[in-house]
Amino acid sequence: MEQKVGQKIQTNLSSISAFRKATGALKLMVAVLVVGCAGAPTVESLPEIDLRAESPDEDPELRDPCEAADEDCALLGAYLWDGTPLPESLEEAIPLLKSTCEEGNGQACYLLGSLHVLGRGVATDLEEARRRYEEGCSGDVGLSCFALGWMVYHGQGGEPDSYEARLIWKRGCDLGSGQACRQVGGLYYFGRGVDVRPELAATYLFRGCVGGAGEACAELVEHFNIDIEETEDQERLADLIEIACNKDSAMGCVMLGAMIEDGQGRPTDLQRSLGLYRRSCEAGEYYGCTLMAMLFERGEGSIPTRRREAVALYEEACQTGNREACTAIGVLYLRGRGVAVNGERAVEYFSRSCEMGQGRGCFNLGLMYESGRRVDTDLPMAARYHRIGCEMGFGPSCNSLAFHYDEGEGVEVDPLEAFHYFERSCELGYGKGCFNIAVSYEEGDPVEADFQKAMKAYEKACDGGYRRGCNNLGFHRLDEAVTGADIRQAIAALELACNDGERPRACARAGEVLLEDPRIPASPLRARRNLKAACDAGEPRGCLILGSTYEQGQGVEENRAQALTLYAKSCALGQVHACSRRGWLMLNDSETRSQGQAELRQACEDGDEWACDRVE
């Protein structure tokens, strides 16, 4: 029976692979920069870069949403971009939201503002909505800044003011709202209330793209013919960002440094990246300080590990409101890296990050109280923080909260509520959440068994970077395969599972099918690569089949000695048929014939009929 999966304390940033999946190209470090601030001066000329496509007369994304035929849907789209669910019982929720908002909780203010826009549970009141959004924005909720900027730009609940809207959207972008970044990019691209600034338009659209605003990705392609998945276009994007950096945009320097660090659009050069981060940090851009601290924390290439400097940089950046830095230093105090282990300080920094709206900080608090690591175990408190992180849209928090409901830890046991939170985790792109949904559908607990839904969920888990999902997807696809195309899809999933180094059985199966399945052309070299990975990881069948390729000369010259070595390894790992194959080969040499007979007899006694047929 499959077991559902949770997770461990998370560091400052999500995995690089998750960001690559989200954008198709650039390193996760660049994703952090969506919460930074750019300010490049005007660029008079941009030689050899086609920066401007022909602009339409009107920016369709900045029209008043109330002009839409279905006002309710338009406003939901305009003000609830993150999919935040409205409270189920508005009568009970509204007084709590009001009191919580008045205590300084920005998320509560944001929800109140949305209720006043929609007229749900309260009277439609755009002036009150605007006031609540302003409180939410002041409370560091980027989405509330986005909504406030929208109202200010369109004159909803007050006078229109494009200048003020731009400043509000910039703040929202600083706080991580991809949609706010996108709006700023649109203003600079179309020249609405500002001079046309192509380099800033591209920078903000890029930040919006990696910040989750899919429309911003599309607009990068539409306006600048930049596809961030293409190497050539990464170079063009780096050209744009370098122009901004050279014109004293501190955030441009941070973004350029991150691209150079990952070899995107420029050759990898860690010393140059470090210099760019330092330059931006000294100019007051604390995301540069944070990325410089990350280099010092881990040490890489020509950059030595300097954890004490990393701690000081994280401290400074956290004090200025950089929530990623707060999370990072919390992890250092939790693990005792560069500082003495101190659970209270870890809680302090994770709490600060969580209060600033970073789900990862809330998540780490939840895991600390859940596991009793450096704090007293407090399951209700753990569930509370996981709920907060989930409400912020952090998938791992939803997955953890689901386990609390599944096991009745800090909350009442509720399998269906657990399933709901696994679903939410999956919707947010968290692969483990999708895997847990798949297990639920495969086992029929707590929902009705549905193999097709399980397969779709395994596919989402695999797409979300969780290789155990790829593993199950590949094996199930092999079981159901009819055509060669089915086989190739199964192999692709198994190879993804193989690549993480923890699923050697997937490597062995992929190699075996590539050699032996008649529905596809044999691919000995590719098969041997998978089989070697399996064998190196201690998978006995991988060593067995790899040995047979040397014995039979499949994609490689026959090599009896190598075959014997691989069979011996497989045999030692418990693969009885490998013992038989080794014994059989040893019969061909007079010096080892008696040993070969002994190994065949032993394999026969251990249940291998193939050996029994060959014992003399």
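Source: prediction; values computed, not measured.
A salt bridge (Lys or Arg N to Asp or Glu O under 4.0 Å) with Glu261 is found for exactly one of Arg298, Arg266, Arg272, namely Arg298.
Interatomic distance, Leu291 CG to Arg278 CZ, rounded to the nearest 0.5 Å: 13.5 Å. Atoms NZ and CD1, on Lys170 and Ile168 in that order, are 13.0 Å from each other to the nearest 0.5 Å. In this structure, CG in Asn399 is found 10.5 Å from NE2 in His404, a value given to the nearest 0.5 Å. Of the inter-residue distances, the one linking Ile260 atom CD1 with Leu274 atom CG reads 11.5 Å to the nearest 0.5 angstrom. Here the CZ atom belonging to Arg323 is positioned 10.0 Å from the SG atom belonging to Cys326, to the nearest 0.5 angstrom. Going from atom OG of Ser397 over to atom OH of Tyr430 covers 9.5 Å, rounded to the nearest 0.5 Å.
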task = Check the pair Arg182 / Glu219 against side chain to side chain contact (heavy atoms under 4.5 Å, CB included), numbers first and verdict last.
result = CA-CA 9 Å; Arg182 177 193 172 216; Glu219 286 160 7; 2.8 Å; yes
task = In sequence, state the C-alpha distance, the side-chain angles, and the governing distance for Ile329 and Val311, and then conclude on side chain to side chain contact (heavy atoms under 4.5 Å, CB included).
result = CA-CA 6 Å; Ile329 197 167; Val311 170; 3.9 Å; yes
task = Give the intermediate values and the outcome of side chain to side chain contact (heavy atoms under 4.5 Å, CB included) for residues Met255 and Phe206.
result = CA-CA 10 Å; Met255 295 175 73; Phe206 171 65; 2.9 Å; yes
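With hydrogens and angles disregarded, no donor-acceptor distance shorter than 3.5 Å links the side chain of Ser144 to the backbone of Asp140. Under a 3.5 Å cut-off, the side chain of Asn436 and the backbone N or O of Lys432 do form a donor-acceptor pair.
In summary, the aromatic rings of Phe146 and Tyr133 are positioned with their centroids too far apart to meet the 6.0 Å limit. Under the 6.0 Å cut-off for aromatic ring centres, Tyr189 and Phe224 qualify, their centroids lying closer than that.
Side-chain contact between Tyr153 and Leu187 is present, with heavy atoms from C-beta onward closer than 4.5 Å. With a 4.5 Å cut-off on side-chain heavy atoms, Ile303 and Phe296 count as touching. Using a 4.5 Å cut-off on side-chain heavy atoms (C-beta onward), Gln156 and Trp150 make contact. Counting heavy atoms from C-beta outward, Ile388 and Tyr385 have side chains that approach closer than 4.5 Å.
Ring planes of His223 and Phe190: perpendicular class, angle over 60° (limits at 30 and 60°). Taking the six-membered ring where the residue is Trp, Tyr333 and Tyr349 present parallel rings, their angle staying beneath 30° rather than reaching 60°.
Using a 4.0 Å cut-off between a side-chain N of Lys or Arg and a carboxylate O of Asp or Glu, Glu348 and Arg352 qualify as a salt bridge. Taking a cutoff of 4.0 Å between a charged side-chain nitrogen and a carboxylate oxygen, Glu127 and Arg130 do not qualify as a salt bridge. With salt bridges taken as basic N to acidic carboxylate O contacts below 4.0 Å, none links Glu134 and Arg131.
Glu417 pairs by the side-chain contact (heavy atoms from CB on, under 4.5 Å) definition with Tyr405, Asp414, His420, Tyr421, not counting sequence neighbours.
Between the side chains of Ser400 and Glu370, no donor-acceptor pair is found at a separation under 3.5 Å.
Of all heavy-atom pairs spanning Thr290 and Ala317, the tightest one is OG1-CB, 3.5 Å.
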